[in-house]
Amino acid sequence: MTTDAPAPPGVLTAEQVAFYRAEGYVVLRNVFEPAEIAALAADADRVLRERADAVHPDNLRVRFKPHRATGEPVFEVLDPIADLSPVARRMTRDPRILDALHDLYGEPAELFKEKLIY
């Protein structure tokens with residue numbers, strides 16, 4: 001007995017899937033509303049304000065890069081973020097993303113890793 005299950009969602013066109021397979025990427029425009037993007041930006045700012053202790057060179061969750069002119073460390077990445085930001089958590093589990101990934105992978109997508117690059 002075989003189960004060749006996963007077929008739905010079907011949110012991407014055949015052309016988008018073919019482009020992804022040929023080029024390795026696909027651009028999805030207007031997936032989130034401007035208000036949703038603004039809410040994520042505001043919550044990312046909130047995390048930085050309320051969790052300033054997390055932005056420390058000894059914290060494995062963060063990454064710094066050298067400033068191009070001075071060489072001083074500049075905060076760049078918080079990884080992971082979804083456990084600190086309910087907005088990021090919602091977006092990483094949003095069907096608008098997961099269903100598109102399902103179409104590309106041919107099976108349900110699972111969150112493996114997420115990060116916020118400032």
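Taking the side chain as every heavy atom from C-beta outward, Val74 and Phe64 never approach each other to under 4.5 Å. Counting heavy atoms from C-beta outward, Leu40 and Phe32 have side chains that stay 4.5 Å or more apart. Inter-residue side-chain proximity for Leu28 and Leu12 is flagged as met; some heavy-atom pair is nearer than 4.5 Å. The closest side-chain heavy-atom distance from Val17 to Leu104 is below 4.5 Å. Arg93 places a side-chain heavy atom less than 4.5 Å from the side chain of Leu111. For the pair Ile37/Met91, a side-chain contact is recorded, criterion being any heavy-atom separation below 4.5 Å from C-beta on. In this structure, Val77 and Lys65 have side chains that are not in contact, with every pair of non-hydrogen atoms separated by 4.5 Å or more. Inter-residue side-chain proximity for Lys115 and Arg61 is flagged as unmet; no heavy-atom pair is nearer than 4.5 Å.
Checked against the 6.0 Å centroid threshold, Tyr118 and Phe75 count as a close aromatic pair.
Remark: the backbone N or O of Tyr20 is not paired with any side-chain donor or acceptor of Glu23 at under 3.5 angstrom. Remark: the backbone N or O of Val11 is not paired with any side-chain donor or acceptor of Asp99 at under 3.5 angstrom. Between the Thr92 side chain and the Arg89 main chain, a donor and an acceptor come within less than 3.5 Å of each other.
Linking Ile, Leu, Val, Met, Phe, Trp and Tyr whenever their side-chain heavy atoms come within less than 4.5 Å leaves Leu101 and Phe19 in two separate clusters.
Here the closest non-hydrogen pair linking Ala82 and Ala88 is CA-CB, 4.2 Å. The nearest pair of heavy atoms linking Pro66 to Gly71 is CB-O, 3.7 Å. Across Pro108 and His102, no two heavy atoms sit closer than the pair N-CD2, 3.2 Å.
Applying the salt bridge (Lys or Arg N to Asp or Glu O under 4.0 Å) test to Arg63 and every residue at least two apart in sequence or in another chain returns Glu76.
Salt bridge annotation for Arg96-Glu36: present, with a cationic side-chain nitrogen under 4.0 angstrom from a carboxylate oxygen.
Enclosure of atom CD in Glu50 by more than 12 non-hydrogen atoms of other residues, nucleotides or ligands within 6.0 angstrom is indicated.
Considering Leu84, Ile81, Val47 in turn, Ile81 is the only one that fulfils the side-chain contact (heavy atoms from CB on, under 4.5 Å) rule with Leu116.
Atom-to-atom distance recorded for Asp43:CG and Arg90:CZ is 8.0 Å, nearest 0.5 angstrom.
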